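All values derive from a computational prediction rather than experimental measurement. When a residue number appears, it is its place in the shown sequence, counting from 1.
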Amino acid sequence: MNHPDYPCIPAKTIVSSYFDNGWFGSNYNMNIYKGCSHDCIYCDSRSECYQIQDFDVVKPKANALDVIDKDLRSKRKSGIIITGSMSDAYNPLEKELLLTRGVLKLIAKHGFGVVIDTKSDLVLRDIALLKSIRENSPVVVNFTITCADDDLCRKIERNVCLSSARFSALERLSKEGINCGVLLMPILPFINDTNENITEIIRRAAQAGAKWISVYPNFGVTLRQNQRDWFFKRLDENFPGKKEIYMKTFGNAYECETPNQKQLTEIFRVECEKAGLLTKMEEISAFIKRDYTIEQIVL
């Protein structure tokens, strides 16, 4: 079914093969929508290499549910599907279109697991569906949280629910038995790369019931192509003087790691260990799959 009120992106397939054991144990990747309206100042998905026109306009994939149903029926192996890498499955359009909700029903029907990366508390709407999938397959919800402070969050992630709302959603899901974690990325040098910010995010994540925190690749941000121009424009608007510091420190480097890298890495290690939070992807993946046999995951 298409949606005449919204521009749709043609798609012959949506669920693509990924790795045998990708991020969070995933086997397949899926993006139901294209583009994003979160307006985060650092978004890598704006980069020209992804060729997303009118990036700020969220567009659903044409006939998404029919295409995904066909994709899942054609897979020789079941497994875990990760979504949210390029476009948040719980963007504002989802409130009306309910495509993510429909996809979760298909995932449950076909016996797959799911990993959802999001910045939205709209995921709470689908708790019952997530619990249904969890009966037979792994279910994970990761919340990207880069700022412990809501005021700073408002400046760098402008059109998305605040960090405090994400922590609350994480706590609610955790209490319902859904495995949740925090994606602590990116860390913006000279902005949110403080000891206090990292420590507070770890503390609140553990308090809310998170099982892990993932930082990738390091404490920093990637900048390339038009993404860099967008980022610098937003720095001028919200953090006067920071653009010049970036230009002087990093030039045109793709990976911009915080000068506090060594210190933050040690703080992160110590605080996560103290809080009992997993940090290594292989350990996280094993934890996610611990209650599921190979027979349940592979048909």
Calculate, to the nearest 0.5 Å, the distance between atoms [atom1] and [atom2] belonging to [X] and [Y] respectively.
X      : Y      : atom1 : atom2 : result
Leu106 : Asp71  : CG    : CG    : 10.5 Å
Asn159 : Asn91  : CG    : CG    : 12.0 Å
Asp44  : Phe231 : CG    : CZ    : 12.0 Å
Ile14  : Ile68  : CD1   : CD1   : 4.0 Å
Ile213 : Leu184 : CD1   : CG    : 6.0 Å
Gln261 : Ile187 : CD    : CD1   : 10.0 Å

Evaluate the criterion side-chain hydrogen bond (donor to acceptor under 3.5 Å, both in side chains) for residue pair Glu157 and Tyr42; output intermediate values, then yes/no.
CA-CA 9 Å; Glu157 298 163 347; Tyr42 52 71; 2.6 Å; yes
Determine, for [X] against [Y], whether the closest basic-nitrogen to carboxylate-oxygen distance falls under 4.0 angstrom.
X      : Y      : value
Glu271 : Arg203 : no
Glu94  : Arg101 : no
Arg46  : Asp56  : yes
Asp69  : Arg73  : yes
Lys131 : Glu135 : no
Lys242 : Asp236 : no
Lys175 : Glu171 : yes
Arg158 : Glu237 : yes

Side-chain heavy atoms of [X] within contact of [Y], under 4.5 Å:
X      : Y      : value
Ile81  : Asn27  : no
Glu257 : Pro189 : no
Thr222 : Cys256 : no
Lys262 : Glu266 : no
Glu200 : Glu196 : no
Ile267 : Gln263 : yes
Tyr28  : Lys75  : yes
Thr146 : Met185 : no

Identify the two heavy atoms, one from [X] and one from [Y], that lie closest to each other, and give their separation to 0.1 Å.
X      : Y      : result
Leu170 : Ala208 : CD2-O, 3.6 Å
Pro10  : Cys8   : CD-O, 3.7 Å
Leu277 : Ala206 : CD1-CB, 4.1 Å
Lys119 : Cys161 : O-SG, 3.2 Å
Ile288 : Pro138 : CG2-CB, 3.6 Å
Ala210 : Ser174 : N-OG, 4.3 Å

A cation-pi test, strictly: NZ or CZ of Arg234 under 6.0 Å from the centre of the six-membered ring of Trp230 and no more than 45 degrees from its axis. Yes or no?
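The answer is yes; both the distance and angle limits are met.
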From CA spacing to verdict: side chain to side chain contact (heavy atoms under 4.5 Å, CB included), Ile133, Val114
CA-CA 8 Å; Ile133 296 170; Val114 67; 4.3 Å; yes
Report whether [X] and [Y] are members of the same hydrophobic cluster (ILVMFWY, side-chain heavy atoms less than 4.5 Å apart, transitive linking).
X      : Y      : value
Phe239 : Val221 : yes
Met30  : Ile9   : no
Tyr216 : Ile80  : yes
Leu104 : Val15  : yes
Phe250 : Met247 : yes

Answer yes if the side chains of Ser87 and Asn31 hold a donor-acceptor pair under 3.5 Å, and no otherwise.
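No.
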Please check if any side-chain donor atom of Trp23 sits under 3.5 Å from a side-chain acceptor atom of Asp117, or the reverse.
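Asp117 and Trp23 do not have a side-chain donor-acceptor pair below 3.5 Å.
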Take Tyr254 and Leu223, measure what side chain to side chain contact (heavy atoms under 4.5 Å, CB included) needs, and give me the verdict at the end.
CA-CA 5 Å; Tyr254 169 60; Leu223 295 177; 6.0 Å; no
Please confirm whether the backbone N or O of [Y] pairs with a side-chain atom of [X], one donor and one acceptor, at under 3.5 Å?
X      : Y      : value
Arg224 : Asn252 : no
Asp54  : Val57  : no
Arg204 : Ala148 : yes
Thr100 : Tyr90  : no
Gln207 : Phe167 : no
Asn192 : Leu188 : yes

From CA spacing to verdict: side chain to side chain contact (heavy atoms under 4.5 Å, CB included), Ser285, Asn21:
CA-CA 8 Å; Ser285 296; Asn21 192 35; 4.1 Å; yes
Verify the ring-centre separation between Phe219 and Phe268: is it less than 6.0 angstrom?
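Here the rings of Phe219 and Phe268 have centres that are less than 6.0 Å from each other.
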Can you say whether the rings of Phe232 and Tyr246 are parallel (under 30°), tilted (30 to 60°) or perpendicular (over 60°)?
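Correct class here is perpendicular.
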Would you sort out whether Ile284 and Lys211 count as a side chain to side chain contact (heavy atoms under 4.5 Å, CB included), showing the intermediate values?
CA-CA 8 Å; Ile284 296 171; Lys211 301 298 192 300; over 6 Å; no
So, applying side-chain contact (heavy atoms from CB on, under 4.5 Å) with Leu173, which one of Ile178, Asp121, Val140 is it?
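Among Ile178, Asp121, Val140, the one meeting side-chain contact (heavy atoms from CB on, under 4.5 Å) with Leu173 is Ile178.
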Qualifying residue, where the test is side chain to side chain donor-acceptor pair (under 3.5 Å) with Thr258 and the options are Asp193, Thr249, Thr194, Asn218
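Output: one option passes, namely Asp193.
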Check the pair Lys248 / Glu244 against salt bridge (charged side-chain N to carboxylate O under 4.0 Å, His left out), numbers first and verdict last.
CA-CA 6 Å; Lys248 180 178 179 179; Glu244 288 72 22; over 6 Å; no
